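Here's the structure, in C-alpha cells; my notes come after.
Nothing here was measured: the structure is a model prediction, and the numbers come from that model. Atoms considered below: every heavy atom in the structure, side chains included; atoms not considered: hydrogens, waters and symmetry mates.
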Protein chains: 2
Amino acid sequence: MLDRIGDKWSVLVVSTLGGEPLRYSDLHASIPGISQRMLTVTLKALERDGLLTRTAYPEVPPRVEYELTDLGRSLLDAVMALAGWAATHHEAVATSRRDHEASGVGRAKAR
Amino acid sequence: MLDRIGDKWSVLVVSTLGGEPLRYSDLHASIPGISQRMLTVTLKALERDGLLTRTAYPEVPPRVEYELTDLGRSLLDAVMALAGWAATHHEAVATSRRDHEASGVGRAKAR
DNA sequence: CGGGATCCGGGGCGATACTG
DNA sequence: CAGTATCGCCCCGGATCCCG
C-alpha cells in the first residue's frame with residue numbers, strides 16, 4: 001500500500017489534479033519530466049484504485065478528463081502535508097547532506 | 001525530494017523509529033520484508049539528510065542505536081498522516097481494484 | 001551483532017513509433 | 001489529442017559472503 005501512494009508519480013499526479021479536472025495533455029504539460037508511458041500507467045493505476053475518474057468525451061478531437069474522486073481528495077490532504085514539509089525543510093536537508101559529504105564520506109575520491 | 005521522503009522504506013523506518021531509539025536488529029525485526037541492504041542504505045540516506053542520528057557504542061557485542069532528530073520528528077507527523085490514510089482507506093482501494101478487475105480489464109484472462 | 005562489498009536478475013522507466 | 005506497443009537500459013533491491 002505504501003509503495004503505491006509513496007510512488008513518486010502518483011503523488012505528483014494527485015497533487016496536480018488537486019482541485020479541477022484536467023485533460024491528459026494538461027497533465028503531461030504540468031508534470032515536468034513525466035513520460036507518456038508513466039503518465040498513462042499511473043493514471044490507470046490510480047483509476048483502478050478509485051482515486052480518480054476517467055471521462056472520455058466522444059468529440060473530435062478527442063478529449064479525456066481526469067478528476068479526483070472523494071477518496072483521491074482525502075489522499076490529497078495527506079500528500080499536501082508531505083509536500084509542505086518537503087518545501088519547508090528541504091533546505092535543512094540539503095545542508096545536512098553537504099555536511100556529510102564534507103565529512104569524508106567520499107574520502108577515497110579525495111586522492 | 002518527494003521521491004526521497006516518499007520512499008517506501010524511508011517512510012517505514014521513520015515511522016518505526018517514531019518515539020524511542022532503536023537498534024539495527026530491532027529495526028530489521030520491526031519492518032517486515034526489508035532486507036539488510038535496504039535497511040542499511042535507507043538508514044545512511046536518512047542520516048545524511050539529517051533525519052536521524054547514528055550512535056555506536058564501543059561495546060562487545062557492538063550496539064548501534066538510531067534515533068530521530070528534531071527534523072526527523074517533524075517529518076514524522078506528515079508521515080503518520082500518510083500511514084493513517086493508508087490504514088483507513090486501504091479497504092476502499094482494494095475494493096475498487098477488484099471492481100476494475102471484474103469489469104473486464106483482464107478480459108483475455110477470463111477465457 | 002552490525003554492517004560493508006559484490007554479484008546479478010527483474011522490472012521500472014524513458015524513447016520511439018504507430019493507431020484511432 | 002490520447003493513448004498503445006515494443007525495445008532496451010539502468011538501477012533498485014535481494015542474496016550471499018565476509019569483516020570488525
Establish, with yes or no, whether the OP1 or OP2 oxygen of C/dG4 is under 4.0 angstrom from a side-chain nitrogen or oxygen of B/Y24.
no
Just call it for B/Y57: base, sugar-phosphate, or nothing, with non-hydrogen atoms closer than 4.0 Å on any strand.
nothing
Once you round it to whole Å, what is the distance between C1' of C/dT16 and NE2 of A/H28?
13 Å
So what does B/K44 hit on the nucleic acid, given a heavy-atom distance under 4.0 Å: a base, only sugar-phosphate, or nothing?
sugar-phosphate
Rounded to whole angstroms, how far apart are CG on B/D26 and P on C/dG3?
12 Å
Nucleotide C/dG12, atom C1' - distance to CG of A/L39 in whole Å:
16 Å
With no hydrogens and no angle check, is any side-chain donor or acceptor of B/R73 less than 3.5 Å from a backbone partner on B/G18?
no
Which nucleotide in the set D/dA2, C/dC1, C/dG14 lies at the smallest distance from any side-chain heavy atom of A/M38?
C/dG14
Indicate whether the side chain of A/T40 and that of A/Y24 have a donor and an acceptor atom separated by less than 3.5 Å.
yes
Residue B/Q36, side-chain heavy atoms: nucleotide from D/dG14, C/dG4, C/dG14 that is nearest:
C/dG4
Side-chain contact, heavy-atom cut-off 4.5 Å: B/V41 with B/R37?
yes
Closest to side chain of B/R23, choosing from C/dG2, D/dG3, C/dG14
C/dG2
Which nucleotide, D/dG3, D/dC1, C/dG3, lies nearest any side-chain atom of B/R54?
C/dG3
CD of B/E65 versus P of C/dG2: gap in Å, rounded?
10 Å
Residue closer to the 5' end of DNA chain D, A/P62 versus A/R37 (nearest nucleotide)
A/P62
Integer-rounded Å distance: C/dG3 C1' and B/E59 CD:
16 Å
Examine distances only and state if a side-chain atom of B/H90 and a backbone atom of B/A87 form a donor-acceptor pair shorter than 3.5 Å.
yes
Please confirm whether the shortest side-chain N or O distance from A/S25 to OP1 or OP2 of D/dC1 is below 4.0 Å.
no
Would you say A/T42's side chain and A/S10's backbone share a donor-acceptor pair under 3.5 angstrom?
no
A/T40 or A/P61, whichever maps to the more 5' nucleotide of DNA chain D
A/P61
